[in-house]
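Residues: numbered from 1 along the sequence shown. Only a predicted model underlies this, so the values are computations on that prediction, with no experimental measurement involved. These values consider heavy atoms only, across backbone and side chains, with no hydrogens, waters or symmetry-generated copies.
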Amino acid sequence: MATTLATPPVVPADVLARVAPIYDRVRTVIPPFEWPAFAEDIDAILRLKRERDAVILAHNYQTPEIFHGVADIVGDSLALAREAARTDASVIVLCGVHFMAETAKLLNPSKTVLIPDLEAGCSLAESITGADVRLLRQRYPGVPVVSYVNTSAEVKAETDVCCTSGNARAVIESLGVPRVIMLPDEYLARNIAAQTSVEVIAWHGRCEVHERFSADDIRQLRAGHPGVVVLAHPECSPEVVAAADFVGSTQGMNDYVVQKRPPRVVLITECSMSDNVAAQHPELEFVRPCNLCPHMKRITLPGIRRALETMTHAIEVPAAIAAPARRAVERMLAVKPR
Ligand code: SF4
């Protein structure tokens, strides 16, 4: 059977000229024949951002054409929450998953917060409800609840303080108590429990991306790529974490690469993260096993363009939930980093 190759779109020369400086940033991870498919959307999004007084916040797991092409601010959940609290823009477009857009709305109740695809969820956020948290409180009376930001606003509203993978230990130890409930990520809770004297009661949520990595994967990577430095995300299992050279949030991994410049490195996390860091460090060799987050991948350039053209999908959080949920996020932001 004959295969027909898709014809690349014909893009006006002035558009290509305007986005050429952006292509320079991603040329090591986006081949030239793919670039025309992105150019017009990027050009339109940059124009729409100015017209709408919008800022685009993109998570580290967004694809390079979004991360390097249209985002104003990039980072992990903690960085995006902090930046969402600081922005002066009238409109925030959150290129990430639903709980991140909710968090941005909690911190900016008077602003318009858009997510390009309402179906961009998260297996961790979906593993627990507000009713589950109330049952946990009944079972462990007086034990504070620390919720990962990867939770719905409804769950945050039942929470004492939020945390991210970058500040979980600092948040838990800031409470000055011997025992905490930490939800919903079982692996993150177990990995943090190994670093602190605080007893951690875990929930059974898992990240569907990070739970797929195994310690055997790490052994095979080391055998196939001698000298590779292994950086792992703390949503991986304790066995994977034990097999890694460094464990940190996506921001922590990025900082490690910037500071230590390992000549050969692998990031055990969602695969766009490696593409985005590799684009900035063409001199380093990135080994790239690929586990995609299907939720993060629902965000696309055409979706972002549509969101800005139509001002959809606007995030709303009911006032009764927003007030206590905001308090839990703000308590987290007030905790000093370690
Ligand atoms: S990578 Fe995991 S934790 Fe992050 S959004 Fe996807 S499912 Fe959720």
Does either side chain, that of Tyr148 or that of Ser77, offer a donor lying less than 3.5 Å from an acceptor on the other one? no

Restricting to side chain to side chain donor-acceptor pair (under 3.5 Å), what partner residues turn up for Glu309, sequence neighbours left out? Arg305

Set of residues satisfying ring-ring contact (aromatic ring centres under 6.0 Å, His included) with respect to His210, sequence neighbours excluded: His233

Got Ile268 and Leu231 here, is their nearest side-chain heavy-atom distance under 4.5 Å? no

Supply the atom-to-atom distance Met296 CE to His59 NE2, rounded to the nearest 0.5 angstrom. 4.5 Å

Would you say Asn191's side chain and Cys236's backbone share a donor-acceptor pair under 3.5 angstrom? yes

Check for a donor-acceptor pair, side chain of Lys156 on one end and backbone N or O of Val149 on the other, with a separation under 3.5 Å. yes

For residues 267-337, which residue pairs pass the disulfide bond (SG atoms under 2.5 Å apart) check, not counting sequence neighbours? Cys271-Cys290

Considering only NZ, NE, NH1 and NH2 on the basic side and carboxylate oxygens on the acidic side, decide whether Arg137 and Glu158 come within less than 4.0 Å. no

Closest heavy-atom pair and its distance - Thr28, Ala279: OG1-CA, 3.6 Å

Side chains of Leu80 and Val74, heavy atoms from C-beta outward: is any pair under 4.5 Å? no

Using the test side-chain contact (heavy atoms from CB on, under 4.5 Å), find all partners of Pro31 that sit at least two apart in sequence or belong to another chain. Phe33, Glu34

Could you check whether Asp216 and Gln220, counting side-chain N and O atoms only, form a donor-acceptor pair closer than 3.5 Å? yes

Is any side-chain heavy atom of Gln138 closer than 4.5 Å to one of Leu135? yes

Measure the shortest side-chain to side-chain distance between Trp203 and Leu136 over non-hydrogen atoms and say whether it is less than 4.5 angstrom. yes

Let me check something: do Leu221 and Phe246 share a hydrophobic cluster, defined by ILVMFWY side-chain heavy atoms less than 4.5 Å apart, either directly or through other members? no

Are Arg190 and Asp185 ion-paired here, with the side-chain N under 4.0 Å from a carboxylate O? no

Determine whether Tyr187 and Pro238 make a side-chain contact, defined as any pair of heavy atoms from C-beta on separated by less than 4.5 Å. yes

Considering residues at least two apart in sequence or located in another chain, which fulfil the side chain to side chain donor-acceptor pair (under 3.5 Å) criterion with Asp217? Ser214

I'd like to know if Val145 and Val180 are part of one continuous hydrophobic network [Ile/Leu/Val/Met/Phe/Trp/Tyr, side-chain heavy atoms within less than 4.5 Å]. no

Compare all side-chain heavy atoms of Arg27 with those of Trp35 and state whether any distance is below 4.5 angstrom. no

Do you see a donor-acceptor pair shorter than 3.5 Å between the side chains of Thr159 and Ser147? yes

Looking just at side-chain N and O atoms, do Asp132 and Thr129 make a donor-acceptor pair shorter than 3.5 Å? yes

Verify the distance criterion only: is there a donor paired with an acceptor across the side chains of Thr63 and Glu65 at less than 3.5 Å? yes

Is atom CZ of Arg18 surrounded by more than 12 heavy atoms (other residues, nucleotides or ligands) closer than 6.0 Å? yes

Calculate, to the nearest 0.5 Å, the distance between atoms CG and CZ belonging to Asn150 and Phe99 respectively. 3.0 Å

Nearest-0.5 Å distance, CZ of residue Arg50 to CG of residue Leu48: 9.0 Å

Stepwise side-chain contact (heavy atoms from CB on, under 4.5 Å) check, Asn60 with Asn276: CA-CA 7 Å; Asn60 290 327; Asn276 291 327; 5.6 Å; no

Determine whether the side chains of Ser272 and Lys297 contain a donor N or O and an acceptor N or O closer than 3.5 Å. yes

Using a strict cut-off of less than 4.0 Å between a Lys/Arg side-chain nitrogen and an Asp/Glu carboxylate oxygen, indicate whether Glu285 and Arg264 qualify as a salt bridge. yes

dist Leu124:CG -> Leu188:CG (nearest 0.5 Å) comes out at 8.5 Å

Between Glu102 and Ala153, is there a donor-acceptor pair closer than 3.5 Å when you use the side chain of the first and the backbone of the second? yes

May I ask you to decide whether Glu330 forms a salt bridge with Arg327, counting only side-chain N to carboxylate O separations under 4.0 Å? no

A side-chain contact here means heavy atoms from C-beta on lying under 4.5 Å apart; do Leu114 and Leu94 qualify? no

N/O donor-acceptor pair under 3.5 Å between Asp53 side chain and Ser90 backbone: yes

If hydrophobic clusters are built by linking Ile, Leu, Val, Met, Phe, Trp and Tyr wherever their side-chain heavy atoms come under 4.5 Å apart, do Leu175 and Leu183 end up in the same one? no

Those residues that, when tested against Phe67, pass ring-ring contact (aromatic ring centres under 6.0 Å, His included) (two or more places apart): none

Below 4.5 Å, heavy atoms only, C-beta onward: do Ile201 and Met182 meet side chain to side chain? no

Flag for His68-Gln280: side-chain donor and acceptor within less than 3.5 Å: no

